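Working notes for the structure below.
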Number of protein chains: 2
Amino acid sequence: MPTIDPGRLLGDLRRLAEIGRYKTGVHRPTYSKEDMEARHWLVGRMREAGLEPTIDGIGTVLGRGAANGPRLLIGSHLETQPHAGWLDGAMGVIYGLEVARAFRDDPACRGLAVDVGAWADEEGHYGSMLGSRSFCGTLPEAEIDHASNRMSGKTLRDALAEAGLAGRGREQLPDGRYLGYLEAHVEQGDFLDAGGLRLGIVTGIVGIYGYRFTALGQQNHAGTTRMAARKDAGVALMRLWHALEERFPQVAGPHSVWTTGRITLDPGAPSVIAGKAEMLFQFRDISRERLAIMDAALLALVAEANKRGPCRIDHEVVARTEPRAMDARFQEALEQAAEARAPRLHVRMQSGAGHDAQIFAQRLPAGMLFVPSIAGISHHYAEDTKDEDIVLGCQVLADAAARLLGGRAPGGR
Amino acid sequence: MPTIDPGRLLGDLRRLAEIGRYKTGVHRPTYSKEDMEARHWLVGRMREAGLEPTIDGIGTVLGRGAANGPRLLIGSHLETQPHAGWLDGAMGVIYGLEVARAFRDDPACRGLAVDVGAWADEEGHYGSMLGSRSFCGTLPEAEIDHASNRMSGKTLRDALAEAGLAGRGREQLPDGRYLGYLEAHVEQGDFLDAGGLRLGIVTGIVGIYGYRFTALGQQNHAGTTRMAARKDAGVALMRLWHALEERFPQVAGPHSVWTTGRITLDPGAPSVIAGKAEMLFQFRDISRERLAIMDAALLALVAEANKRGPCRIDHEVVARTEPRAMDARFQEALEQAAEARAPRLHVRMQSGAGHDAQIFAQRLPAGMLFVPSIAGISHHYAEDTKDEDIVLGCQVLADAAARLLGGRAPGGR
């Protein structure tokens with residue numbers, strides 16, 4: 001079995017966390033100056049590790065290993081949510097790099113081939129998993145033409161040009177090159193931490209249905225417009241939000257989640273009735289059937305709101321990913337590696353967060369490994385994981401990769 | 001009786017509407033480049049009208065008339081709400097200018113003295129009626145030191161410095177100079193327009209109680225945080241907002257109004273549970289007793305929300321103006337002038353909007369005249385009033401001023 005280098009692993013993670021540092025976390029939105037600095041830094045580290053690196057036209061950094069023979073792809077993403085954690089995405093990328101180095105350094109592993117990928121915009125600043133979808137062939141040029149930043153409105157084309165990526169080709173997943181895809185990630189919930197567990201073997205990734213609601217009312221003076229005469233777009237969305245919060249517990253499954261992440265009133269002044277209001281709402285579940293039930297409930301509430309008036313509420317799908325199961329043999333390899341290094345301190349679990357692995361799972365056998373998030377904190381600069389858990393996760397990922405490549409676990413389909 | 005010049009009046013209003021034009025309206029926030037351009041333009045027009053103009057340290061433009069004898073102060077404000085109408089405030093200022101010119105042009109009126117004022121920030125970008133409060137002696141330096149822009153956060157001191165006003169003195173209302181204060185304004189509601197009426201004589205101005213609510217929760221991942229474990233600051237404020245909308249109809253008076261003009265979730269990303277949320281809420285009524293009842297209901301709902309948890313909701317008073325009655329003799333003079341020019345097409349009514357007149361009413365007899373707002377549209381660029389109503393309003397204001405100054409109506413207290 002290969003042996004990873006804890007100091008090298010943690011050193012690279014800490015160096016990477018300096019790029020875009022915000023308090024104890026990182027602010028590194030997709031294609032920002034900091035995000036691109038991180039990608040170019042990674043290119044250098046890959047080259048030192050004996051990988052052949054490229055940055056393609058969507059920002060994906062791909063490091064190809066020199067070995068021949070059965071090959072795995074290991075990766076995750078480099079960009080972060082706004083003012084978020086240092087490990088979300090970054091850890092999985094550096095794990096891939098460290099596994100490649102551990103294989104290189106171990107004579108017994110030198111025939112085992114690993115490519116390492118850092119995908120782009122898994123966090124959805126401009127779209128939905130742009131890098132892994134581009135690599136897997138499900139990101140058409142037309143979608144790139146029409147995408148823009150969810151916060152600033154900057155077009156994706158402008159962002160790619162500013163990042164120096166305009167005109168570059170986009171790498172494509174070659175048929176037959178890989179046995180499969182592996183990704184490690186912080187759990188982002190408190191299931192492992194609260195249970196005193198150190199590793200999670202992911203059985204599947206939830207689907208995400210996301211909507212933008214827009215209410216159109218009549219902007220007017222907040223002092224002179226009688227309550228009965230108002231068309232308050234803000235109140236209309238608040239009532240829909242309230243109805244969703246009342247209804248969803250009745251139709252949701254035990255692990256369903258739903259969230260309003262943003263609401264804005266236009267013009268947003270204290271003495272003006274909002275003439276327009278927007279709201280971003282999403283829900284997630286591991287079951288397609290459950291997602292369909294929740295979706296129907298949502299659409300019924302929107303229809304009721306529009307029947308009641310006085311504002312019109314439009315809805316637009318802004319995210320739709322279906323749930324994806326992880327490969328059974330990859331789960332088994334990860335579980336055997338986990339049991340060997342941390343007996344009885346691992347568990348099979350679903351992922352409530354979306355991950356690039358759900359894109360790869362449409363083309364390849366895929367597996368995912370979780371390490372604990374302290375107190376479950378995620379998408380916040382206070383996100384953290386114990387050093388010993390970071391180190392353990394990387395070792396288990398290396399072991400599982402060696403098992404899968406060495407034939408000691410069943411091979412790819 | 002003086003005769004106003006309709007072409008001169010409408011021409012000045014249309015010229016002023018060019019400064020900061022936005023679609024069919026105006027965007028001229030307090031102390032913006034456009035706002036200051038408007039103030040300097042007014043200085044020139046005042047000088048041409050024979051008034052002695054100054055701009056003071058809070059931005060107030062005061063034009064002193066040369067005549068001696070009983071004197072009225074006539075004014076309103078020049079700045080606008082964001083992307084709002086061309087008449088809100090501006091009309092009352094130009095009415096004052098036109099009344100001064102009509103008196104100057106009529107030999108029978110030359111002994112009647114008028115000063116004209118354009119106050120600052122009646123619309124509340126930085127505070128609450130800064131100009132009229134400064135003039136009336138209720139704006140302490142410490143409040144100026146601590147005020148900042150509600151949208152951008154820019155400090156008032158910085159804004160005054162950028163506007164070239166730093167270091168200037170602030171004009172003070174002299175005891176005994178004025179018989180009283182007159183202000184004309186668009187109604188900003190649909191009461192006159194819907195009733196086919198042309199003039200409103202204001203009996204009193206509502207009080208406004210405004211709050212900022214801040215909810216503190218726990219920012220976290222929208223996919224991995226179980227519903228039961230969440231502290232969603234956005235949901236907490238939505239539930240308070242919903243409770244306010246359910247409760248207020250039970251405690252409000254027939255003319256009470258209440259409005260949430262803004263709500264923001266932090267960080268405002270689709271896949272992040274809001275760790276913090278802010279909301280601006282206000283309510284208005286003409287009765288102090290009613291305001292107290294509504295205020296108690298609001299505080300009870302906040303207390304209930306905090307008892308229920310899981311987020312803490314803090315409240316901060318951001319506006320508190322008490323209702324103010326207009327002077328009975330000023331109402332009578334306006335009503336007599338209205339009846340002479342538009343028999344039976346006028347009505348006594350309350351003002352649901354705040355106005356500088358409520359500040360002056362604490363020091364002087366004050367009167368207000370409304371002209372119709374087409375369809376009641378206000379604080380929106382589509383705000384408008386028929387030309388013939390604009391002209392009629394100015395003529396009636398001039399007539400009422402002449403009555404008050406000429407002693408044909410009872411004088412000031």
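Lettering follows sequence order; numbering is per chain, from 1. Since the structure is predicted, the reported quantities are computational estimates derived from the model, not experimental observations.
Heavy-atom pairs under 4.5 Å with chain B were tallied for Arg239(A), Glu187(A), Glu383(A); the largest tally goes to Arg239(A). When the candidates Ala222(A), Ala353(A), Pro254(A) are compared by the number of heavy-atom contacts under 4.5 Å with chain B, Ala222(A) comes out ahead. For chain B, the option among Pro82(A), Gly234(A), Ser271(A) with the highest count of heavy-atom pairs below 4.5 Å is Ser271(A). Chain B forms more heavy-atom pairs under 4.5 Å with one residue of Met238(A), Glu123(A), His83(A), His380(A) than with any other, namely Met238(A). When each of His379(A), His255(A), Gln218(A), His221(A) is checked for heavy-atom pairs under 4.5 Å with chain B, His221(A) comes out on top. In terms of heavy-atom pairs under 4.5 Å with chain B, the best-connected choice from Ile208(A), Val235(A), Thr260(A), Val206(A) is Val235(A).
Between Gly268(B) and Met151(A) the shortest heavy-atom distance is O-SD, 3.8 Å. Closest approach of Asp190(A) and Arg226(B) over heavy atoms only: OD2-NH2, 3.6 Å. Closest approach of Ala269(A) to Gln81(B), counting heavy atoms only: CB-OE1, 3.7 Å.
In this structure, chain A has heavy atoms under 4.5 Å from both the backbone and the side chain of Gln188(B). In this structure, the portion of Ser256(B) lying under 4.5 Å from any heavy atom of chain A is its backbone and not its side chain.
The distance from atom CE of Met227(B) to atom CD of Glu245(A), rounded to the nearest 0.5 Å, is 5.5 Å. Expressed to the nearest 0.5 Å, how far OG1 of Thr224(B) lies from CZ of Phe370(A) amounts to 8.5 Å. Rounded to the nearest 0.5 angstrom, Thr225(A) OG1 and Phe191(B) CZ are separated by 14.0 Å. The line from CH2 of Trp258(B) to CG of Asp232(A) is 11.5 Å long, rounded to the nearest 0.5 Å.
Looking at Thr259(B) and Arg230(A), their side chains do bring a donor and an acceptor atom within 3.5 Å of each other.
Inter-residue side-chain proximity for Thr264(B) and Arg262(A) is flagged as unmet; no heavy-atom pair is nearer than 4.5 Å.
Along residues 277-287 of chain B, the residues that come nearer than 4.5 angstrom to chain A, judged on non-hydrogen atoms, are Leu280(B), Gln282(B), Arg284(B) in order of number.
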